[in-house]
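Below, all heavy atoms of this structure are taken into account, side chains as well, without hydrogens, waters or symmetry copies. Labels below follow one simple rule: chain letters A, B, ... track the order of the sequence lines, proteins then strands, and each chain is numbered from 1.
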Amino acid sequence: MPGWSEPLTGAVDEVAPRLLGATLTPAGGTVRLTEVEAYDGGNDPASHAYRGRTPRNTVMFGPAGFLYVYFSYGMHWCANVVCGEDGRASAVLLRAGKVLDGLDLARARRGDRVSDRGLARGPACLTQALGIGRDQDGLDLSGHLALTDPPNDVARGPRVGVSVAHDVPWRFWLPGEPTVSAYKRSPRAPAG
DNA sequence: CTTTTGATCGTCT
DNA sequence: GACGATCAAAAGC
């Protein structure tokens with residue numbers, strides 16, 4: 001029995017756009033993914049797996065179809081779908097989505113001042129809206145992630161926030177979606 | 001809309 | 001000890 005996650009086992013830059021349009025329901029509340037970023041395991045200097053396996057990134061080295069969650073900037077959680085072959089440690093960062101279900105739940109977790117389109121706009125906003133945290137690191141996504149038909153229109157460009165590998169256009173999003181986060185280069189990126 | 005800046009701490013060197 | 005795969009508020013257009 002090939003796992004449900006078989007479509008996640010190709011090259012990560014081909015897998016990432018397949019996640020656009022998918023629905024995710026990890027801990028109450030559902031989001032439709034509108035923006036993702038690919039990280040190519042040990043080959044990618046921007047990847048958390050670039051310098052090998054550590055306690056934090058262990059989940060990345062496991063099979064596809066699991067959630068890799070990490071703590072960022074001392075206050076945020078960010079979530080990835082582990083992709084690629086077992087041991088390759090590729091992953092796709094979930095950058096933004098549109099809340100389809102559990103609007104009240106998402107608003108309660110994010111705060112009343114946030115607009116509907118802003119609820120899951122940005123990787124840390126998305127995890128907060130969905131209730132993703134430490135407990136979801138290593139979560140088996142079967143039953144939580146539903147892939148859809150490939151979107152017919154996908155935009156791509158440089159990744160947000162990374163200070164290396166700017167030439168790699170591995171951010172993918174659904175054009176025209178108001179839930180897609182604004183592009184910001186890393187403050188530490190080389191001037192240009 | 002844009003730019004700037006402070007918050008805050010786990011992780012790895 | 002330095003550095004983030006970030007965010008929100010504040011201030012200027």
- [ ] Would you confirm whether the ring centroid of A/Phe66 sits within less than 6.0 angstrom of the ring centroid of A/Tyr68?
- [x] no
Task: Atom-pair distance (OH on A/Tyr70; P on B/dT11), nearest Å - done: 13 Å
Open item on the list: Let's see if you can work this out: which of B/dC12, B/dC1, C/dA5 has an atom nearest to the side-chain heavy atoms of A/Arg117?
Closed with: B/dC1
Task: Phosphate-side-chain proximity, A/Ser72 and C/dA5, N/O vs OP1/OP2 below 4.0 Å - done: no
TODO: Both distances under 3.5 Å, Watson-Crick or G-U wobble: on that basis, could you give the dot-bracket string for DNA chain C, with [ ] for crossing pairs and | for other-strand partners?
DONE: ||||.|||||||.
TODO: Indicate, with a heavy-atom threshold strictly under 4.0 Å, whether A/Ala124 touches base, sugar-phosphate, or nothing.
DONE: sugar-phosphate
TODO: Select base, sugar-phosphate, or nothing to describe what A/Arg51 touches, counting heavy atoms under 4.0 Å on all strands.
DONE: sugar-phosphate
Scan nucleotides 6-9 of chain B against the protein and return all N/O pairs shorter than 3.5 Å with their distances rounded to 0.1 Å.
{"from": "B/dT8", "atom 1": "O2", "to": "A/Tyr73", "atom 2": "O", "distance (Å)": "2.6"}

TODO: Decide, yes or no, whether a salt bridge links A/Asp40 with A/Arg88 under the criterion of side-chain N to carboxylate O below 4.0 Å.
DONE: yes
- [ ] Using whole Å, report how far CG of A/Leu93 lies from P of C/dG4.
- [x] 16 Å
TODO: Indicate whether the side chain of A/Thr25 and that of A/Thr30 have a donor and an acceptor atom separated by less than 3.5 Å.
DONE: yes
Open item on the list: Walk along nucleotides 8-13 of chain C from 5' to 3' and tag each nucleotide B, S or - by protein heavy-atom contact under 4.0 Å, base first, then sugar-phosphate.
Closed with: S-----
- [ ] Would you name the heavy atoms of A/Asn57 and A/Ala49 that are closest together and state the gap between them?
- [x] ND2-CA, 3.9 Å
Task: Residue among A/Arg156, A/Arg95, A/Arg159 satisfying salt bridge (charged side-chain N to carboxylate O under 4.0 Å, His left out) with A/Glu37 - done: A/Arg95
Task: No-hydrogen, no-angle side-chain donor-acceptor test under 3.5 Å, A/Ser181 and A/Glu35 - done: yes
Task: Value in whole Å for how far the P atom of B/dT11 lies from CZ of A/Arg56 - done: 7 Å
Task: Gap separating the CD1 atom of A/Ile132 from the CG atom of A/Leu139, nearest 0.5 angstrom - done: 8.0 Å
Open item on the list: Whole angstroms only, please: what is the CG-C1' distance between A/Leu94 and C/dA5?
Closed with: 12 Å
TODO: Using whole Å, report how far CG of A/Asp40 lies from P of C/dA5.
DONE: 16 Å
Task: Atom pair distance, as rounded to whole Å: CG in A/Asn80 and C1' in C/dA5 - done: 8 Å
TODO: Could you check how far OH of A/Tyr183 sits from P of C/dC7, rounded to whole Å?
DONE: 14 Å
Task: Ring center gap for A/His48 and A/Tyr70 short of 6.0 angstrom - done: yes
TODO: Identify the heavy atoms of A/Val99 and A/Ala120 that sit nearest to each other, and give their distance.
DONE: CG2-CB, 4.3 Å
Task: pair A/Asp116-A/Leu103: side-chain heavy atoms closer than 4.5 Å - done: yes
Open item on the list: Show the nearest heavy-atom pair for residues A/Val154 and A/Pro175, with the distance to one decimal.
Closed with: CA-CD, 4.1 Å
Open item on the list: For A/Glu177, is there an ion pair with A/Arg32 - N to carboxylate O distance below 4.0 angstrom?
Closed with: yes
TODO: For A/Trp173 and C/dA5, give me the distance from atom CH2 to atom P, rounded to whole Å.
DONE: 20 Å
